[in-house]
Amino acid sequence: MWKLNPRALRYLNEVASQGSLRKAAARLNIDVSAISRQLHQLEEEIGLPIGYRSGQGFMPTEVGEELISLYRQQKASEDATLSRIEALQDLRRGQVTLAVGEGFIADLISAPLQNFMQHYPDIAISVEMAGANEAVRLVKEDVVDLAVVYAPQPDPELISHVTRNRPLDLITPPGHPITRKGRPDIHDILNYPLALIDQQFGMGQLPMLVEQLEHIRFKPQLKTNSVSVLKNFVLSGMGLTFMPRLTVHEEVLAGKIICLPAPHPVLAEAKAHIVSHKGRELTVAGERLLRHLSEGMLFFNQIK
């Protein structure tokens with residue numbers, strides 16, 4: 001059985017691609033005689049011609065075509081293997097930066113981030129707390145690789161890898177009078193104490209849009225830049241706020257908070273996104289983290 005010379009196969013492929021020994025030699029930066037010698041030895045070993053000269057230049061025979069096909073298959077397989085090895089090396093020494101809103105933190109920490117760190121202990125992760133506007137800025141300035149954001153403004157510079165509808169529901173204390181209405185109207189909320197988050201957050205921008213569409217004005221008793229403060233405003237029985245149900249998931253299960261359906265179509269159509277910069281290719285580590293977030297976070301998996 002023959003043991004084919006890899007160098008001879010490479011030279012044959014190059015001669016067939018260039019159409020002549022001279023052009024192939026110039027491209028490979030070697031002498032024409034070196035190529036001619038290798039091809040001659042290859043023909044001697046096989047016992048059949050591998051090519052011939054014609055008016056169109058060097059033409060491989062049927063045997064030559066088979067050898068060229070073999071070389072290209074081997075080269076593609078080698079390239080793919082090296083690419084996978086390089087990717088695995090990247091996962092042993094990479095880092096990923098992530099911007100995330102406060103309302104996602106409990107969901108992020110509960111499982112997907114832990115799983116990622118267990119699978120890839122040598123990947124350094126940096127998590128930046130940021131509202132939707134700030135998170136988008138960090139992504140577009142390439143300060144972070146990925147951002148988990150709620151109801152961001154449409155932006156052609158962003159790629160949204162994962163999107164899931166997560167309504168901005170009405171959150172109330174147990175026994176609040178508005179709970180007796182079943183599905184309250186947006187105008188009903190004007191009659192009760194309300195807390196809103198700042199407009200730098202997607203959760204804060206949506207009520208402002210509702211105001212514009214309905215020609216109403218919310219008069220919040222409390223404004224804050226903290227999801228935790230909003231939650232405690234409701235837990236203490238002080239009044240109402242708007243939040244995605246999953247942000248207060250544990251409190252709802254414990255009966256400490258009541259979650260009513262979003263009282264306006266704008267709020268009902270809100271979505272959670274995982275985004276990156278359109279002009280920036282994700283690293284292998286970034287792609288793996290994206291997969292862990294999209295598969296592990298309740299915001300992107302649990303069916304409401």
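Values in this document were obtained by computation on a predicted structure and should not be read as measured data.
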*Transitively linked via ILVMFWY side-chain contacts under 4.5 Å: Ile159 with Met297?*
no
_Main-chain N/O of Asp145 paired with Thr97 side-chain donor or acceptor, under 3.5 Å_ = yes
*Honestly curious: do Ile171 and Leu267 fall in one hydrophobic cluster under the side-chain, below-4.5 Å linking rule?*
yes
*Ser33 side chain to Ser36 side chain, donor-acceptor N/O pair below 3.5 angstrom*: no
_Hydrophobic cluster identity match, Met129 and Tyr150, side-chain contacts under 4.5 Å_ = yes
*State, to 0.1 Å, how close Gln95 and Ile123 come at their nearest heavy-atom pair, and which atoms those are.*
CA-CG2, 4.2 Å
*asked:* Measuring from atom CD of Gln41 to atom CZ of Arg7, what distance do you get when rounded to the nearest 0.5 angstrom?
replied: 10.0 Å
*What class does the angle between the rings of Phe116 and His292 fall in, given that below 30° is parallel, 30 to 60° is tilted and above 60° is perpendicular?*
perpendicular
*Locate the shortest heavy-atom distance separating Pro152 from His273; write the atom from each residue and the value.*
CD-CD2, 3.4 Å
*If we only count heavy atoms from C-beta on, is the Met117 to Ile125 side-chain gap below 4.5 Å?*
yes
*Exam field: side chain Ser276 to backbone Leu146, donor-acceptor pair closer than 3.5 Å*: no
*asked:* Looking only at the side chains, is there a donor atom on one of Ser69 and Glu65 sitting less than 3.5 Å from an acceptor on the other?
replied: no
*asked:* Under a plain distance cut-off of 3.5 Å, with no hydrogens placed, do Asn5 and Gln38 share a side-chain donor-acceptor pair?
replied: yes
*Evaluate whether atom NE2 of His187 has more than 12 neighbouring non-hydrogen atoms of other residues, nucleotides or ligands under 6.0 angstrom away.*
yes
*Is any side-chain heavy atom of Leu196 closer than 4.5 Å to a side-chain heavy atom of Phe242?*
yes
*Can you find a pair of side-chain heavy atoms, one from Leu253 and one from His249, that are under 4.5 Å apart?*
yes
_Taking Asp198's backbone N and O only, do any of them form a donor-acceptor pair with Asn225's side chain (distance below 3.5 Å, no angle check)?_
no
_Whether the side chain of Asn232 engages the backbone of Ser228 through a donor-acceptor N/O pair (distance < 3.5 Å, no angle test) should be reported._
yes
*Closest approach of Asn165 to Lys271 (non-hydrogen atoms, all atoms of both residues)*: CA-CG, 3.9 Å
_Flag side-chain contact, heavy atom, 4.5 Å: Ile189 against Pro263_ = yes
*With no hydrogens and no angle check, is any side-chain donor or acceptor of Asn301 less than 3.5 Å from a backbone partner on Glu295?*
yes
*Would a 4.5 Å heavy-atom cut-off, applied to side chains only, mark Met203 and Leu230 as touching?*
yes
*Taking Glu157 for its side chain and Lys140 for its backbone only, find out whether a donor-acceptor pair lies under 3.5 Å.*
no
*Examine Val266 and Val149 and state if one hydrophobic cluster contains both, with Ile, Leu, Val, Met, Phe, Trp and Tyr joined whenever side-chain heavy atoms are less than 4.5 Å apart.*
no
_Partner of Pro173 under side chain to side chain contact (heavy atoms under 4.5 Å, CB included), chosen from Leu235, Thr179, Leu240, Ile178_ = Leu240
_Phe300 reachable from Val139 in the ILVMFWY side-chain graph, under 4.5 Å edges_ = no
*Do Gln205 and Gln200 have side-chain N/O donor and acceptor atoms under 3.5 Å apart?*
no
*Quick one: are the ring centres of Phe104 and Phe299 less than 6.0 Å apart?*
yes
*Over all heavy atoms of both residues, which pair between Ala132 and Gly202 is shortest? Give the atoms and the distance, please.*
CB-N, 3.5 Å
*asked:* One pair to check against side chain to side chain contact (heavy atoms under 4.5 Å, CB included): Asp169 and Met243. What are the steps and the verdict?
replied: CA-CA 5 Å; Asp169 292 322; Met243 298 179 83; over 6 Å; no
_Step-by-step salt bridge (charged side-chain N to carboxylate O under 4.0 Å, His left out) determination, Glu287 to Arg291_ = CA-CA 6 Å; Glu287 290 177 349; Arg291 183 194 305 172; over 6 Å; no
*Got Leu9 and Gln74 here, is their nearest side-chain heavy-atom distance under 4.5 Å?*
yes
*asked:* So which atom in Leu168 and which in Pro207 form the shortest heavy-atom distance, rounded to 0.1 Å?
replied: CD2-CD, 4.1 Å
*For Gln199 and Gly204, indicate whether the former's side chain and the latter's backbone hold a donor-acceptor pair under 3.5 Å.*
no
*Distance-only, no hydrogens or angles: does the Glu211 side chain make a donor-acceptor pair with backbone N or O of Arg217 under 3.5 Å?*
no
*Verify whether one side chain among His161 and Ser294 offers a donor that lies under 3.5 Å from an acceptor in the other.*
no
_Can you confirm whether Lys256 is buried at NZ, in the sense that more than 12 heavy atoms of other residues, nucleotides or ligands lie under 6.0 Å from that atom?_
no
*Counting only heavy atoms not in Arg137, do more than 12 sit closer than 6.0 Å to its CZ atom?*
yes
*Shortest non-hydrogen contact between Ala25 and Val32, atoms and distance*: CB-CG2, 3.7 Å
*asked:* Just so I know, are the side chains of Tyr192 and Pro177 near enough to count as touching, which here means a heavy-atom distance under 4.5 Å?
replied: yes
*Going by heavy atoms in the side chains, are Leu42 and Leu67 under 4.5 Å from each other?*
yes
